[in-house]
Every structure is written in C-alpha cells, then in structure tokens.
Amino acid sequence: MFKSVINGEDKQTTFSRTSEIEIDYFEGKQDTSSIRWINDCEYVLKNINPKNKAEEKSIHIKILTTSDSSYTFEYNAIGDKRKFKGTAFKID
C-alpha cells in the first residue's frame, strides 16, 4: 500500500509485485506495468496498456531504506528532473 496527496486529497494505491510485473489498484481501476530491475534497489516501471500520453512515460523507482514491513523510495517519470518520495507498507 502506498499513500500520497494528490490535489490536496489523501489517496491510496494498493499494489502487488513479482520480479516481472506490478499490478496497481487505484480508485477502483487496475493497471499492470512491466518491471525492469537495474539493481537490487532500483527498477523501472512501464505501463503495459497506457491509456494516454502521461501513462506512456516510464517511472524510475529507487528504494532508499527498508524495514520489516515497509520501504521508503524516491520516484520520478524518466526525463523529469522532479523527484518525489513515498513509503510503501506491507499489508496482509
């Protein structure tokens, strides 16, 4: 699970991941992305079925710290110099 603030509203994304794909669930919609691992702490997500130009951009994710039940990461769209941080939490 990943929480973020979008346009001033708290939003939550739930996801499941294998070594090759990530499936995201956000506001009742499901998206599937391929994963290309760069190393043990970095990977690139590419939406398999983008619905618009924004979804065509790959996302670079770098895991910064880990714990037993969470990890903190930095992410950005490839080509965008702005970076954002988030924390993902393991749920049962």
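Numbers for residues simply follow the sequence, beginning at 1.
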Practice task
Step through the shown structure and confirm whether more than 12 heavy atoms of other residues, nucleotides or ligands are within 6.0 Å of CD on E20.
Solution key: no
Handout entry: Salt-bridge present (E9, K11; N to O < 4.0 Å)
Key = yes
Problem - Shared hydrophobic cluster for I35 and Y71 (ILVMFWY, side-chain gaps under 4.5 Å) - result: yes
Fill in the blank from the handout: Rounded to the nearest 0.5 angstrom, the CE-NZ distance for M1 and K90 is 13.0 Å
Handout entry: Matching residue for P50 among I48, N52, N47 - test: side-chain contact (heavy atoms from CB on, under 4.5 Å)
Key = N47
Completion exercise
G86 and Y75 have their tightest heavy-atom pair at N-CE2, 4.3 Å
Exercise for the section: Mind listing the closest non-hydrogen atom pair of E55 and N49 along with its distance? Expected result: OE1-O, 4.1 Å
Handout entry: Heavy-atom side-chain contact between D24 and Q30 under 4.5 Å
Key = no
Completion exercise
Distance col, row I91:CD1 vs S70:OG, nearest 0.5 angstrom, shows 13.0 Å
Exercise for the section: Indicate, with yes or no, if I61 and V44 share a hydrophobic cluster defined by side-chain heavy-atom contacts under 4.5 Å among Ile, Leu, Val, Met, Phe, Trp and Tyr. Expected result: no
Exercise for the section: May I ask you to check whether over 12 heavy atoms, not counting those of D40, lie within 6.0 Å of atom CG? Expected result: no
Problem - Transitive ILVMFWY side-chain link F84 to Y43, under 4.5 Å - result: yes
Practice task
Any chance you could measure Y25, atom OH, to T14, atom OG1, to the nearest 0.5 Å?
Solution key: 9.0 Å
Problem - Among T72, L64, T65, side-chain contact (heavy atoms from CB on, under 4.5 Å) partner for T87 - result: T72
Exercise for the section: Kindly compute the distance separating NZ (K57) from CG (D80), expressed to the nearest 0.5 Å. Expected result: 6.5 Å
Handout entry: Over 12 non-hydrogen atoms of neighbours within 6.0 angstrom of CZ in R36
Key = no
Handout entry: Basic-acidic side-chain contact under 4.0 Å: D31, K51
Key = yes
Exercise for the section: Ignoring hydrogens and angles, tell me if any N or O in the side chain of W37 forms a donor-acceptor pair with the backbone of E42 under 3.5 Å. Expected result: no
Exercise for the section: State yes or no: are the ring centers of F2 and F73 separated by less than 6.0 Å? Expected result: yes
Practice task
Calculate, to the nearest 0.5 Å, the distance between atoms NZ and NZ belonging to K62 and K85 respectively.
Solution key: 10.0 Å
Handout entry: Cluster link I38 to I78, ILVMFWY, side chain under 4.5 Å
Key = yes
Completion exercise
Here the gap from E22 atom CD to S33 atom OG, rounded to the nearest 0.5 Å, amounts to 6.5 Å
